[in-house]
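Shown next, in structure tokens, is the structure this report addresses.
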Amino acid sequence: MTDVSEPKLRIGVLSDIHITDDASTAILRTAFEWFRDRHVDGVLIAGDMADQGRLDQLLRVRKTWDAVFPGDRLPEGGKVEKLFVYGNHDVAGWEYNSAAFRKAHPELFAPSNNIGADRAGAWRKAWDEDYAPIYLKRVKGFAFVGAHFESWKVQHIPGLDQFLADHAGELQGPQPFFYFQHMHPKGTCSAPWTWGQDDGQVTRALSKFPNCVALSGHSHTSLTDDRTIRQGDFGFTSVGTASLRYIIPFGGRENSSAFGAPRVEGRQMPDLLVSGAAWKVHQGMLMNVFGDRIVFERRDFSLGAALGPDWVVPLGGYGALTYETRASKAPVPKLPKGAVVAWKEAPGKTREGKSAAQVTVSFPPARSMDAARAFDYEVTARTTEGGLSRIVCRKRVFSPAYWSAECGEPPTVACVFAKDELPWNLKFVFAVRPMNCFGVKGPEVVSKACKLKVEGTK
Amino acid sequence: MSVEISRRGFLRGLALFAAARPVASYAVARGAGEPKVAFGVLSDVHICCLPYMKRFIQDPAHYARMRDPELLEKAFAYFRDGGADGVAIAGDIADWGLVGQMQLVADTWNKVFPSGKGKDGRSVTRLFALGNHDFHGWHYAYAKEARGEWPMPKEEILAADMKGNWKKIFGEKYEPIWMKSVKGYRFVGAHWESAKGIHALAPWAEKHAAELAGEKPFFYFQHAQPKNTCLGNWIWGHDDGCATKVLAKFPNAVAFSGHSHKPLTSELNVWQGAFTSIGTASLFSMGHPVGRDNASGALDLNPRGLMRGDGTRRKQKTIAAHGQFVRVYDEFIEIERIEFVSGRKLGPNLVIPLPATKAKPFLFATQAEKATSPAPFPEGAKVEVTRGKAPLRGEPKPQDVFIVTFPQTRRVAGASRTADYEITVETTEMDVTEIRLTRYVTSPNDFYPEGTKKGPVKFILPAFLVPKGLSVRFGVCARETFGKTNTPIWSSSILA
């Protein structure tokens, strides 16, 4: 029977804040205030609070915290616990700026401002707490284990195995405990594809605790991707925490690229990440812990709306959140009834800025009221020349608002082809299929027959 | 000596045959004896060379190689030696529609069939229907260029006085639609009227309906393929359906038509529906069906997207030429398919049961249902992919390409003929593994008896079609005419 009482625990969850200026500070304040209004018992930040490894940036977070949770308290008096860990930008972000840049801005890069030079000192200054590479706090009886980012050379948490063994009595189930670090434990949420996974030692350590709920950031993977929360053969629940500052879309789409991978050339659309749109998306979650389940409310702080239906982690069992289980149950998106797939020929530019004759295909987005929002879309140009049904060119494309609340969806989604990728003087069609994040395709909607003019003719 | 075959036994045997594939020399196997009538069928001969043409004068060897009457003479001789009672040509006899060219054909005829006599002194009837080249070839661009001077003198043009020229060359009356009787069988030929078709056929057929109707087959020849019959709906050069509409009233009609230059190896070449319609390939040149990347006549005019096509002409020399020898019996028609450059049969003979209303093994739906997957690839076969440069259709300079090679399948018992190969290009980036595009190439043996060309198949894909930096692999499966495939083989993944 579902526990319908109030949650036993409410925790705000953020990650990858990358604070730099007043604008990013304002976004953080919006998130803190939203958590405050929901009477959270704590706020968890899974790393990368400061963008450039500067203490003054960490102190901005502190100042914002103090403004919303003065004395670490809610307005009505309840305590709000700080559940923060360093990420790579906090302890190594200093080095991400060139020596010349640091030299040119001595006011920002005074040695005393370098978090990485004195982690413990910076932590004390920012949070009035002692620094420990791994620590345990209890919030309303629930254990929270936080592990700070160590270094790029050490892509795991030294001493975690021992720490967990030493505290096994407190951590072992059935009550869930929460673990948080910056990088994704390898082979868990958003795996195998996501960048930013550690070396796997944390996964092995946590696999002894099926009641563990691990939260991690670093990859900035959107919370609209349902693979961001996952259970699997690694044995615990792993949740990605996206980013309050900007989202990094998966590659493989005509308007995206694989972060950190060799560049793919020849795409006909700008990269959503590079185009700046990604920097207008600010995501976070509210975690509600009940007796029988944990509910994650996913929040779009830029639009002030839910990102989608809540994620529900049943307690007392394991396996409801494997990819396979969810793929079989996830709703299959559909384009709206009467949707029209249109196309238009016009000159444009490739992603590399080269002029190109292009054809833009546009169609309305799939909506949750029709069946489900789409994660992305498959757009296929195909022809039946000679009686053969031939895929001329197939692409995948994100809606430019795939990472936003549904109210931010534009009226149409576009996918651009180079004219050279398509047949000339031969009839073909564009077929569009919305897809969910598990790769399940919805029904196709087909355009009217197209026929491109031969170059050089009217 | 012929052996009597009981009708029931014959039909039972035919059912077994129809359920499988055509067998060689069905009539001989059945001891059916001499055919009631036999005739050769050619098409799109495109006889050309005339010594006084400017191009020929400039390069006599060039024109001696192409479109010369030697191959025609070889085909006529084959039919003569096989005991033909007639020889049909379904159009495009004279490439430029010139009197001299048609005279060459007549001279060749007279050489092989002196006084119109064939084997054992039997009469051999000319069953010629004219095509667009015969009427209009004289003003096609390459004819103008070859002639050297313009305009073409009227006395050289066939169509300037078709009646007079026909009478002069063949000694017979010219009729736009003619009917001849050969050993009690009716043969009807309709000369080219326009690209739309033979609209005079409808009233003519109405007038002669009583002579044509019945169970006994009659044979009809025109140049353009009747729409929606042999070689499918996509075939280039079909008429507007006027012939199909007329012939549909005669289930005993067996129509032959050319114009499209498609090989006799295709399972679509014999169509059965309301009547029977058969394509006649070409003695001059042939091409692969459209939709395949190696088809010269692709409808897709994007020059950057396709490898260069191939056909049966190499450096102006015909390297494969098709024709048919038709033998008619009381209960079936047997069709032998010949490749005349090598003199080899293209495959087992095709058998059409008579009367056509009783059994239609060549219904496309029936063939599709009975088709089986092509043979598997050889054990351990792989798809190899390399990068290089190659010329593309319409592109003067070699371009960056993927060169994909894979072995052919070898026909095994129970497997259908491989008509073409489907190439799947699969790319991977992060969580997206998808088929980016599919292409087709016709089997290298499309113009030849199966197994003639044994080497690997080569497919070329322009590199720009796969974004640089993506992981890509190529899958190949063999495909029979109606779409059944075998198990694909794959290349390793490479970085595009």
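Note that the coordinates shown come from a computational prediction; the quantities given were computed from them, not determined experimentally. Here is the naming used below: chain letters follow the sequence lines, and residue numbers restart at 1 for every chain.
Distance check: A/W193 CH2 to B/T428 OG1 gives 12.0 Å after rounding to the nearest 0.5 Å. In this structure, CZ on A/R394 lies 11.0 Å from CD on B/E426, to the nearest 0.5 angstrom. One distance of note links CG of A/L388 with CZ of B/R292; it measures 4.0 Å at 0.5 Å rounding.
In this structure, A/K354 places its NZ atom where only 12 or fewer heavy-atom neighbours from other residues, nucleotides or ligands lie under 6.0 Å away. Within a 6.0 Å radius of CD in A/E352, other residues, nucleotides and ligands contribute more than 12 heavy atoms. More than 12 non-hydrogen atoms from other residues, nucleotides or ligands lie less than 6.0 angstrom from NZ of B/K484. Counting heavy-atom neighbours within 6.0 Å of B/K360 NZ, excluding the residue itself, gives a total above 12.
Using a 4.5 Å heavy-atom threshold, the side chains of A/R267 and B/L470 count as touching. Looking only at side-chain heavy atoms (C-beta outward), A/C393 and B/R436 come within less than 4.5 Å of each other. Counting heavy atoms from C-beta outward, B/L437 and A/E421 have side chains that stay 4.5 Å or more apart.
Proximity to chain B involves both the backbone and the side chain of A/R390, based on heavy atoms less than 4.5 angstrom apart. Heavy-atom distances place both the backbone and the side chain of B/D431 under 4.5 Å from chain A. Only the backbone of A/K419 comes within contact range of chain B, with at least one heavy atom under 4.5 Å from a heavy atom of that chain. With a 4.5 angstrom heavy-atom cutoff, A/L422 touches chain B only via backbone atoms. In this structure, the portions of A/T384 lying under 4.5 Å from any heavy atom of chain B include both its backbone and its side chain. Residue contact with chain B, scored on non-hydrogen atoms closer than 4.5 Å, is absent for A/R382.
The greatest number of non-hydrogen atom pairs below 4.5 Å with chain B, out of A/I391, A/L426, A/L452, is found for A/I391. The most heavy-atom pairs under 4.5 Å with chain A, out of B/N233, B/I435, B/T424, come from B/I435. For the set A/P192, A/S257, A/S190, A/G251, the entry with the most heavy-atom pairs within less than 4.5 Å of chain B is A/G251. The candidate from B/E434, B/E422, B/M430, B/R479 with the greatest count of non-hydrogen atom pairs under 4.5 Å with chain A is B/M430.
A salt bridge does not link B/E429 to A/R396: none of the charged nitrogens lies less than 4.0 Å from a carboxylate oxygen.
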